[in-house]
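A short worksheet on the structure shown next.
These numbers come from the heavy atoms of this one structure, side chains and all, not from hydrogens, waters or symmetry mates. Throughout, a chain's letter reflects where its sequence line sits, starting with A, and its residues are numbered from 1.
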2 protein chains.
Amino acid sequence: MAKKKAVDDADGAERPALPATSWAVLGLLSFGEELSGYDLKKWSDWSLRFFYWSPSFSQIYSELKRLEQAGYATSRMVAQETGTRDKRVYRITGEGMEAVRTWAREAPVDPPVLKHGPMLRLWLGHLLEIQQMREVLARHREFAETMRQRAEEDMEGAKANEAWSYPTLTLKWAERYYASERDLAEAMLADIEELERGKRP
Amino acid sequence: MAKKKAVDDADGAERPALPATSWAVLGLLSFGEELSGYDLKKWSDWSLRFFYWSPSFSQIYSELKRLEQAGYATSRMVAQETGTRDKRVYRITGEGMEAVRTWAREAPVDPPVLKHGPMLRLWLGHLLEIQQMREVLARHREFAETMRQRAEEDMEGAKANEAWSYPTLTLKWAERYYASERDLAEAMLADIEELERGKRP
DNA sequence: CGCTGATGTTTCTAATAGAAATACTTCTAG
DNA sequence: CTAGAAGTATTTCTATTAGAAACATCAGCG
């Protein structure tokens, strides 16, 4: 007998246990639109990118298949008007809606995952010249400011639509988050300069 | 003929291209101590955890093998005093030292990777009750404050040692980072309360 | 007419995460 | 005094995730 991992939710329904990425994809569908894998990639690059992953196509397409298998989404082929390639579009089902809702409400609050390459480099400061540390921090600062601006711009675009009020809030959060990243880089730069002054008085 | 991916560094030496995790492990060894896989796991949980990954044992052990293969580390078996199990300890080689140094100095500054589960949940606010949003944010706030405190404590411990001055700086950064995360959660909570007031005036 | 770029999907490989198995020892509470 | 929990130490297995590349079609542009 093939064992399928499953969890029993508070509402008693047994549902397959899915990884975070599946929920993210299903979450994108939960706004109600009928979307292709390609659309989903674009949407996630657009909004989720600021605080959650940039999924690869391969993952999106395989998640979609899994979601359809699980009965959380249905798909149909769409022949495009102007002769462009046919595509398969997905729509969330009632069951899928119920499943994401349950997940969003009841999943444990896991800590965010952070992999901060620039900090890893600076942590190895004993291998660097001060000039290289400045360089790493300057580039990171620049990156943070760029992301901050984009979050701000995207927020302006999202504000208009009533349905996007929560995404708008998270964009606001992102705008502040990247502002903070920028300032933290600045502060660390100052710390490094001070440390350096202390070494050669 | 087996093709091996390799990169030519600025100094002309051809070195195997390694993933970030390898560099992190080699970075841990670059402080000069002779360490076992188990030790490395503990050290990384201790210091790297605040801004970079918590590696799994399986990864650490396989990275160590790869590093030894590449000539960046050597190992020897150590019989333990009090009858506890023998262990294999690793030490960085001159070549390894040169390789991490080059990596730390010359690798491109990649953007940090963030997967913020709590934000993903709130982004799906249309599926939640306000009470559940408060809950998610409160837990996240708590997590951030705990991490902030730990970073602060660890920094106190690291400050004493001259060799740890750069790790100390990154712990200081981490302390500020988690303070900011905590405050950002607070701010978003306020935003949500305001949004809610606006919905039912 | 060939080039670039956008849409759209699939395939492959490598990297990463995480649990669990194995093995031995020391500490601790009943 | 002893069973069980917790610490040290490593390996194996599986699933998830990342990323490049291949494949395919068409629109617009010079």
Side-chain angles (χ1 to χ4, degrees), chain A residues 2-6 16-25 34-45 48-49 52-68 75-90 110-115 117, chain B residues 2-6 16-25 34-46 48-49 52-68 75-90 110-115 117 120:
Chain A
K3 262 185 285 185
K4 276 257 166 183
K5 268 173 293 177
L18 296 178
T21 307
S22 296
W23 296 117
V25 171
E34 213 174 23
L35 300 167
S36 69
Y38 197 81
D39 294 331
L40 283 162
K41 170 70 171 160
K42 277 192 305 176
W43 278 108
S44 57
D45 281 353
L48 250 41
R49 163 184 60 144
Y52 211 81
W53 105 140
S54 270
S56 54
F57 283 115
S58 51
Q59 235 192 318
I60 288 184
Y61 285 105
S62 59
E63 291 304 346
L64 285 171
K65 275 166 200 155
R66 167 152 53 179
L67 292 173
E68 190 164 28
S75 72
R76 64 191 183 90
M77 290 303 291
V78 175
Q80 311 241 53
E81 330 75 62
T82 64
T84 62
R85 195 186 208 195
D86 288 0
K87 62 180 176 180
R88 181 173 291 278
V89 291
Y90 290 81
D110 293 325
V113 173
L114 178 67
K115 290 189 156 198
Chain B
K3 263 184 285 185
K4 274 257 164 182
K5 269 173 292 178
L18 296 177
T21 307
S22 297
W23 296 118
V25 171
E34 212 174 22
L35 300 167
S36 69
Y38 197 82
D39 294 331
L40 284 162
K41 169 69 171 161
K42 276 193 305 177
W43 278 108
S44 58
D45 281 354
W46 189 79
L48 249 42
R49 164 185 56 146
Y52 211 80
W53 106 138
S54 271
S56 54
F57 282 115
S58 51
Q59 235 189 319
I60 288 184
Y61 285 104
S62 59
E63 291 304 346
L64 285 171
K65 275 167 201 155
R66 167 153 51 180
L67 292 172
E68 191 165 27
S75 72
R76 64 189 183 91
M77 290 302 293
V78 175
Q80 311 242 49
E81 330 77 62
T82 64
T84 60
R85 195 185 207 194
D86 288 359
K87 61 180 176 180
R88 181 173 291 276
V89 290
Y90 290 81
D110 293 325
V113 173
L114 178 67
K115 290 190 156 197
L120 179 61

Against the side chain of Q59(A), the closest entry in dA18(D), dT9(C), dA17(C) is dA18(D)
First of V113(B) and D39(B) reached from the 5' end of DNA chain D, by closest nucleotide: D39(B)
Examine dG8(C): is either OP1 or OP2 under 4.0 Å from a nitrogen or oxygen in the side chain of K42(A)? Give yes or no. no
Take atom OH of Y38(A) and atom C1' of dA24(D), then tell me their distance rounded to the nearest Å. 13 Å
Given side chains that start at C-beta, do those of S44(B) and W53(B) come closer than 4.5 Å, heavy atoms only? yes
Separation of dT9(C) P from D86(A) CG (nearest whole Å): 10 Å
For S36(B) and for S22(A), locate the closest nucleotide of DNA chain D by heavy-atom distance; then report the residue assigned to the nucleotide nearer the 5' terminus. S36(B)
Choosing from dT11(D), dT10(C), dT16(C), which nucleotide comes nearest the side chain of K65(A)? dT10(C)
Look at the side chain of S58(B) and decide which nucleotide, out of dA15(C), dT9(C), dC13(D), has an atom nearest to it. dC13(D)
Phosphate-side-chain proximity, K115(A) and dA17(C), N/O vs OP1/OP2 below 4.0 Å: yes
Could you check how far CZ of R66(A) sits from C1' of dT16(D), rounded to whole Å? 8 Å
Is the shortest side-chain N/O distance from W53(A) to OP1 or OP2 of dT17(D) below 4.0 Å? no
D45(A) and its salt bridge (charged side-chain N to carboxylate O under 4.0 Å, His left out) partner, picked from R49(A), K42(A), K41(A): K41(A)
Would you mind reporting whether L40(B) and E63(B) have side-chain heavy atoms less than 4.5 Å apart? no
Quick one: R88(A) CZ to dA24(D) C1', roughly how many Å, whole number? 17 Å
Rounded interatomic separation in angstrom, taking CZ from F57(A) and P from dA21(D): 15 Å
Check whether any side-chain heavy atom of L67(B) sits under 4.5 Å from a side-chain heavy atom of Y90(B), and report yes or no. no
Choose from dT16(C), dT10(C), dT17(D) the nucleotide whose nearest atom is closest to any side-chain atom of Y61(A). dT10(C)
In this structure, how many angstroms lie between the P atom of dT10(D) and the CG atom of L35(B), rounded? 11 Å
Quick note, P19(B) side chain, CB onward, closest among dT10(D), dG8(C), dT16(C) is dT16(C)
Atom CH2 of W43(B) and atom P of dT8(D) are separated, to the nearest Å, by 13 Å
Salt bridge check: are E68(B) and K65(B) linked by an N-O gap of less than 4.0 Å? no
Which part of the nucleic acid, if any, lies within reach of S56(A) when heavy atoms closer than 4.0 Å are counted: base, sugar-phosphate only, or nothing? base
Rounded off to whole Å, could you give me the CG-to-P distance for the L18(A) and dT16(D) pair? 9 Å
Contact under 4.0 Å: T21(B) side-chain N or O vs dT16(C) OP1/OP2: yes
